[in-house]
Protein chains: 2
Amino acid sequence: MPGQHKWRKRIEGHIGRWTAPREAVLDLLSRTSEHLSAKEIYAALHGKDPSIGLTTIYRTLDLINSLGFIHKIVMRDGQARYEFRTDKASDHHHHLICTRCGRIIDYSEFEKEELELIKKTENRLSKKYKFYILDHSIEFFGLCEECRLEAKPSDS
Amino acid sequence: MPGQHKWRKRIEGHIGRWTAPREAVLDLLSRTSEHLSAKEIYAALHGKDPSIGLTTIYRTLDLINSLGFIHKIVMRDGQARYEFRTDKASDHHHHLICTRCGRIIDYSEFEKEELELIKKTENRLSKKYKFYILDHSIEFFGLCEECRLEAKPSDS
DNA sequence: TTATTATTGAAAACGGTTATCATTTTCATT
DNA sequence: AATGAAAATGATAACCGTTTTCAATAATAA
């Protein structure tokens, strides 16, 4: 199934050998808007093809993360979650994270103002602290609607 | 040594029983500007008083974190670090994190503009996503001066 | 001082992730 | 298409930060 995915030609050839597990992981992540954990990815893929191993999921995620094709988010419980990175600039977004159920909402609204301030701040911080800034993250923590209706706030 | 610390009267009485380990952890965190891990706190305190256990460090950190006296940051490697929270509003700050050596730099400059935008964004996001926002975090990732001079960028 | 009950420390368990290593697969070269 | 060297894989064990368990200890109210 060559050329099936828009992202394939962008990624193939920059990733070592093109193997079934690597394609499967990229395919799965590219199709979902969820922020999947390694275990969740393993469960999904192992269901279809029991020959795939959890170790390879981790290795593949490491690889494509270090190459910048996905984005790794470390949750407050120490578990990592992953999301596909498109090549569109509009892909950039931040997160609302529910501290009770762990749900993650992406938002990319208000980007212009935010981006402007971020850039300005980056410049200033770079100079002042002689820090070479490569990336940033903005996260809001709180309760999603469902959890707010049910619950007492959890820890943070 | 009662009343020795400014923070003591703020905290004592909201923390269950006032025990030696709890005072020691609070004391240590209040004296440093570093972002210590549980292990580092354990090493420091166990050195002076070998009767203190790592378990208690974790439990104490959990307790005072959930009471809001310290702030817990989960690093990208999954390890948590903790910093004391003063009662001053000026305490609020964000982080520059070196992805190579793990060094954390606090910054609180440019807070006015940032805070303004954050508040506005919070309001909009709260409404749009019906999300009750309790906290936020802004982090910049990159290389500190020392690491930039030496190294090839690491993963992120 | 005593009784009650929270807190503690040691050890074992836990959960996500990483290292080990023998086997399998890819792919450039025939 | 067949070969072979190197890369990638999967099962297992190890790792490491954190949490649970449980009997012993210490803090507070009476």
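Every chain is numbered from 1 and lettered A, B, ... according to where its sequence line falls, protein lines coming before strand lines. Predicted, not measured: the structure shown is a model, and the values here were computed from it.
Between D/dT19 and B/Tyr58, no contact under 4.0 Å exists linking OP1 or OP2 to a side-chain N or O.
In this model, no donor atom of one side chain and acceptor atom of the other lie less than 3.5 Å apart for A/Glu40 and A/His35.
As a whole-Å value, the separation of B/Lys39 NZ from D/dC15 P is 13 Å. Between B/Asp77 atom CG and D/dT18 atom C1' there is a gap of 13 Å when expressed in whole angstrom units. Atom CD of A/Gln79 is separated from atom C1' of D/dC16 by 16 Å (rounded to the nearest Å). The distance from atom CZ of B/Arg81 to atom C1' of D/dC16 is 14 Å, rounded to the nearest whole Å. Rounded to a whole Å, the CG atom of B/Leu54 is 9 Å from the P atom of D/dT18.
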What is the per-nucleotide protein-contact pattern of nucleotides 2-9 of chain D, from the 5' end, where B denotes a base atom under 4.0 Å from a protein heavy atom, S denotes such proximity for sugar-phosphate atoms only, and - denotes neither?
-> ----BBSB
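With sequence neighbours left out, B/Tyr129 forms a ring-ring contact (aromatic ring centres under 6.0 Å, His included) with no residue at all. In this structure A/Glu12 satisfies the side-chain hydrogen bond (donor to acceptor under 3.5 Å, both in side chains) test together with A/Arg8, sequence neighbours excluded.
With a 4.5 Å cut-off between side-chain heavy atoms of Ile, Leu, Val, Met, Phe, Trp and Tyr, the cluster of A/Val74 takes in B/Val74.
With rounding to the nearest 0.5 angstrom, the CG atom of B/Leu125 is 9.0 Å from the CD1 atom of A/Ile105. Rounded to the nearest 0.5 Å, atoms OH (A/Tyr58) and CG (A/Asn65) are 13.5 Å apart.
Centroid-to-centroid, the aromatic rings of A/His71 and A/His93 stay 6.0 Å apart or farther.
The number of heavy-atom neighbours closer than 6.0 Å to CD of A/Glu145, taken from other residues, nucleotides and ligands shown, is above 12.
In this structure, A/Glu113 pairs ionically with B/Lys120, as a charged nitrogen and a carboxylate oxygen lie closer than 4.0 Å.
When the local axes at the two ends of the helix from C/dT1-D/dA30 to C/dT30-D/dA1 are compared, using 5 base pairs at each end, they differ in direction by 30° after rounding to 10°.
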List the steps, then state whether salt bridge (charged side-chain N to carboxylate O under 4.0 Å, His left out) holds for B/Arg103 with B/Glu146.
-> CA-CA 10 Å; B/Arg103 185 179 169 200; B/Glu146 290 73 26; 3.2 Å; yes
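Between B/His94 and B/Tyr107, the angle of the ring planes goes over 60°, which puts this pair in the perpendicular group of the 30/60° scheme.
In the 5' to 3' direction, nucleotides of DNA chain C lying under 4.0 Å from heavy atoms of chain B begin and end at C/dT5 to C/dA11.
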